[in-house]
Number of protein chains: 2
Amino acid sequence: MELGKTSYVILGMLRLGRSTGYEIKALVDVSTRFFWAASYGQIYPELKRLEDAGLIAGEDKAQGGRRRRAFTLTPLGEEALETWVASGGPLHTELRHEGMLRFFFADAASPEEQIGLLQTMRAEHERTRDEISAIRPGAEAARDEKGEQFPLMTAEFGIAYHDFIASWCSETERRLVNEAKRS
Amino acid sequence: MELGKTSYVILGMLRLGRSTGYEIKALVDVSTRFFWAASYGQIYPELKRLEDAGLIAGEDKAQGGRRRRAFTLTPLGEEALETWVASGGPLHTELRHEGMLRFFFADAASPEEQIGLLQTMRAEHERTRDEISAIRPGAEAARDEKGEQFPLMTAEFGIAYHDFIASWCSETERRLVNEAKRS
DNA sequence: GCTCACATGTAATCCGTTACATGATTCT
DNA sequence: AGAATCATGTAACGGATTACATGTGAGC
């Protein structure tokens, strides 16, 4: 069976103690979402595939009338995850950034519009930075209580990353304003 | 007609003086590719759609037996581009970064593997930074000769962006090495 | 004669999102 | 009583990549 990146998201979240599709999705939404998103439409079918392949084991844990299927990693699944994390292979990276795309074509806009675009971009990255900042304490707690260091480091990267872009926007905005004044 | 982001890529590249699908793709590959990629499979069908919608005008310019269809922006297309660049709407941003995804789960790896991952990540971002650096002179020439300022600024952002991530990798690598020594 | 750049296109496929459908439990 | 949260899933759709198919012209 072919494992996509989403398969490893699921494997990894199970390793971090999550059990249901719902819990996996909830953790994705406050962690990997910022560099690797996943939706129910991927998670639930993928859980089935991984179970069929023997990488995870599912167990029905209905409570009263509420359905609940809890999964755990099998030794096979654990091995697959560890192999992938450590494999030196090329790291697929992809960015789609509409702000930069507009900026690239911004010679077609007026100075005011150019500056407005930078302000919008900055605001969005600041918002995302703050969103991750709000999540950070949870990751810190996980480190202190469970020794999970990397989720916290990843959150800190995210904060620095969005802050970097926001700062670049500020700086560039300043440059454009100065140029506009001079003319 | 609904315009997707790719439509604007095409409109914008025509505005920058490109005429054929081939030329558009060539410019994309040395400019927006780093934050907004596009393939022939999108470009050629989209050129047709945009022509049908009256946003661009196509003209057959076969040279000898070699087919060539040259497009130019119509006033309608120019307006659509300018409106989009300046419209204040939300800027869709999406990142898929396998390196960070692996890093997030790197508690499952040994210290040596963790450090190896960071080195791989750093190498890839340095490579991309250098790729953009190699492209930069072309963007600079376009600014000096045609007054196109924003492609150059975008390239400079790209260099700073990948350099930032590469530096973060270096720093984090250093931290992990120190921790490994202390234990 | 060969290779590379120029040039256009389509079909299959993949990956992922969105919207929908359904229902139980817990909290206010 | 009503809202929010827990919980599972599918179907339609959209966006984009990959591989394939085809051929010319220019330079070595």
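This is a predicted model, so every value here is computed, not measured. Reckoned from all heavy atoms, side chains included, excluding hydrogens, waters and symmetry mates. Throughout, protein chains are lettered first and strands after them, A, B, ... in sequence-line order, and every chain is numbered starting at 1.
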Reckon [X] has a side-chain N or O less than 4.0 Å from the OP1 or OP2 of [N]?
| X | N | result |
| --- | --- | --- |
| B/Tyr22 | C/dC6 | yes |
| B/Gln42 | D/dG15 | no |
| A/Tyr44 | D/dT8 | yes |
| A/Arg96 | D/dT17 | yes |
| A/Thr6 | C/dC15 | no |
| B/Arg68 | C/dA5 | no |

Using atom [atom1] of [X] as one end and atom [atom2] of [N] as the other, report the distance to the nearest whole Å.
| X | N | atom1 | atom2 | result |
| --- | --- | --- | --- | --- |
| A/Met1 | C/dC14 | CE | P | 14 Å |
| B/Glu46 | C/dG9 | CD | P | 14 Å |
| A/Tyr8 | C/dG16 | OH | P | 13 Å |
| B/Glu2 | D/dC13 | CD | P | 14 Å |
| B/Phe71 | C/dA7 | CZ | C1' | 12 Å |
| B/Glu23 | C/dA5 | CD | P | 16 Å |
| B/Tyr40 | D/dA21 | OH | P | 18 Å |
| A/Phe35 | C/dG16 | CZ | P | 15 Å |

**OP:** Take B/Leu47 and A/Lys5, find for each the nucleotide of DNA chain C with the closest heavy atom, and name the residue whose nucleotide sits nearer the 5' end.
**Re:**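 Looking at the nearest nucleotide for each, B/Leu47 comes out on the 5' side.
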Original post:
Got a donor-acceptor contact below 3.5 angstrom from the A/Gln42 side chain to the A/Ser39 backbone?
Top reply: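 Confirmed, A/Gln42 side chain pairs with A/Ser39 backbone.
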Could you check whether [Y] and [X] have their ring centres less than 6.0 Å apart?
| X | Y | answer |
| --- | --- | --- |
| A/Phe104 | B/Phe150 | no |
| A/Phe34 | A/Phe157 | no |
| A/Trp36 | B/Phe103 | no |

Original post:
Just checking, any donor-acceptor pair under 3.5 angstrom between side chains of A/Arg49 and A/Ser7?
Top reply: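 There is no such pair between these side chains.
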Would you call [X] and [Y] a salt bridge, using N to O less than 4.0 angstrom?
| X | Y | answer |
| --- | --- | --- |
| A/Glu148 | A/Arg15 | no |
| B/Arg182 | B/Glu179 | no |
| B/Glu131 | B/Arg33 | yes |

With sugar-phosphate meaning primed atoms plus P, OP1 and OP2, does [X] contact a base, only sugar-phosphate, or nothing at under 4.0 Å between heavy atoms?
| X | result |
| --- | --- |
| B/Ala26 | nothing |
| B/Ser39 | base |
| A/Lys48 | sugar-phosphate |

Original post:
Just how large is the angle between the end axes of the helix from C/dG1-D/dC28 to C/dT28-D/dA1, five pairs per end, to 10 degrees?
Top reply: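 The value is 30°.
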Original post:
For A/Lys5, does the NZ atom sit with more than 12 other heavy atoms under 6.0 Å from it, leaving out its own atoms?
Top reply: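 More than 12 within 6.0 Å, yes.
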Subject >> Strand-adjacent residues in residues 58-67 of chain A, judged by heavy atoms under 4.0 Å from DNA chain C >> reply: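 Hits under 4.0 Å, by residue number: A/Gln63, A/Gly64, A/Gly65, A/Arg66.
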Original post:
From C/dT8, C/dG16, D/dA7, pick the nucleotide closest to the side chain of A/Thr20?
Top reply: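 From the listed options, D/dA7 comes nearest.
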**OP:** Report the residue from A/Thr128, A/Ile132, A/Thr154, A/Asp130 that forms a side chain to side chain contact (heavy atoms under 4.5 Å, CB included) with A/Ile159.
**Re:**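 In the set A/Thr128, A/Ile132, A/Thr154, A/Asp130, the residue that makes a side chain to side chain contact (heavy atoms under 4.5 Å, CB included) with A/Ile159 is A/Ile132.
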